[in-house]
Asker: 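Structure incoming, see below.
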Amino acid sequence: WHGRVSLIYFGNYSDGQIHIEKIKGLPNSKLSIDYTQNFSYDYFQYNLGIEKRFGKRKVKMFTGLDVGYANQKAEDFKMYAIRDSITNNSVGYDPKSSGLQNQTDSVVSHFKKTSNAIILTPFYGMQFNISKHFFFSAQAGVALSIVNENRKSQINTSNTIKVTNFDLNLSSVSSNFSICYRF
């Protein structure tokens, strides 16, 4: 049996989307909805594990178990507005009430959340040695995780949600394909 360690970090990932749709059923067809969503996060995961290797010199199989800790800080921001496509003036729009409002933009939701997780990942993999220094490695694993999440609204600060999730999934963190160089 051999020990193994891995660190995974995604820093300042941001995914912003703007959708523009024409409003149906309104007498003025030059109006459109701008829908903006911006999601950003920092993710860190640390794994410790054991693995057993077996097989021939060129092709080796391995199996084992990783135990990990993950921390994620995320922010989710959504905003809607109705804009005149000719003047680009905006009139607020709230999809919850489906009505026009007398404000320029309507922030529908803005949340910040922090998640902490413990992850158990049994895995099975294969390594193919091309040369003394190069090899391909592939592994698949099923991740069982317990996640505690605190989610706080930035609009209504009294709105805080605490959730505990139990997940079982095949994820890109526990399943991978690598081209490696051995020193």
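Please read these numbers as outputs of a predicted model, since none were measured by experiment.
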Asker: Could I get the full list of salt bridge (Lys or Arg N to Asp or Glu O under 4.0 Å) partners for E149, not counting sequence neighbours?
Answerer: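 Salt bridge (Lys or Arg N to Asp or Glu O under 4.0 Å) list for E149, sorted by chain: K113.
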Asker: Would a 4.5 Å heavy-atom cut-off, applied to side chains only, mark V67 and L48 as touching?
Answerer: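 Answer no - side chains too far apart.
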Asker: Could I get the full list of salt bridge (Lys or Arg N to Asp or Glu O under 4.0 Å) partners for R4, not counting sequence neighbours?
Answerer: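 Testing R4 for salt bridge (Lys or Arg N to Asp or Glu O under 4.0 Å), a comparison that skips the adjacent residues, returns E51, D66.
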Asker: So, do I8 and F44 sit near enough that their side-chain heavy atoms are less than 4.5 Å apart?
Answerer: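 Side-chain contact under 4.5 Å: no.
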Asker: Which atoms form the tightest heavy-atom contact between I119 and S145, and what is the distance?
Answerer: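 That would be CG1-CB, 3.8 Å.
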Asker: Are the aromatic ring centres of Y43 and Y9 under 6.0 angstrom apart?
Answerer: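 No; Y9 has its ring centre 6.0 Å or more from that of Y43.
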Asker: Is the shortest heavy-atom distance from the side chain of Y46 to the side chain of L7 under 4.5 Å?
Answerer: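 In short, these two side chains touch, coming nearer than 4.5 Å.
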Asker: Under 4.5 Å side-chain heavy-atom separation, chaining through any Ile, Leu, Val, Met, Phe, Trp or Tyr, what else clusters with W1? Say none if it is isolated.
Answerer: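 Direct or chained contacts put W1 with I50.
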Asker: Which of parallel (below 30°), tilted (30 to 60°) and perpendicular (above 60°) describes F136 and F128?
Answerer: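 Ring orientation, 0 to 90° scale: parallel.
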Asker: Please give me the minimum heavy-atom distance between V142 and P122, naming the atom from each residue.
Answerer: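 The answer is O-CD, 3.2 Å.
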Asker: Mind checking whether V59 and M126 have side chains closer than 4.5 Å, heavy atoms only?
Answerer: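 A side-chain contact under 4.5 Å exists here.
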Asker: Is there a path of hydrophobic side-chain contacts, each under 4.5 Å between heavy atoms, that joins V163 and F166?
Answerer: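 As far as the 4.5 Å side-chain criterion goes, F166 and V163 are not connected within one cluster.
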Asker: Which class fits the ring pair Y124 and F54: parallel under 30°, tilted 30 to 60°, perpendicular over 60°?
Answerer: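 Tilted: the ring planes of Y124 and F54 meet at 30° to 60°.
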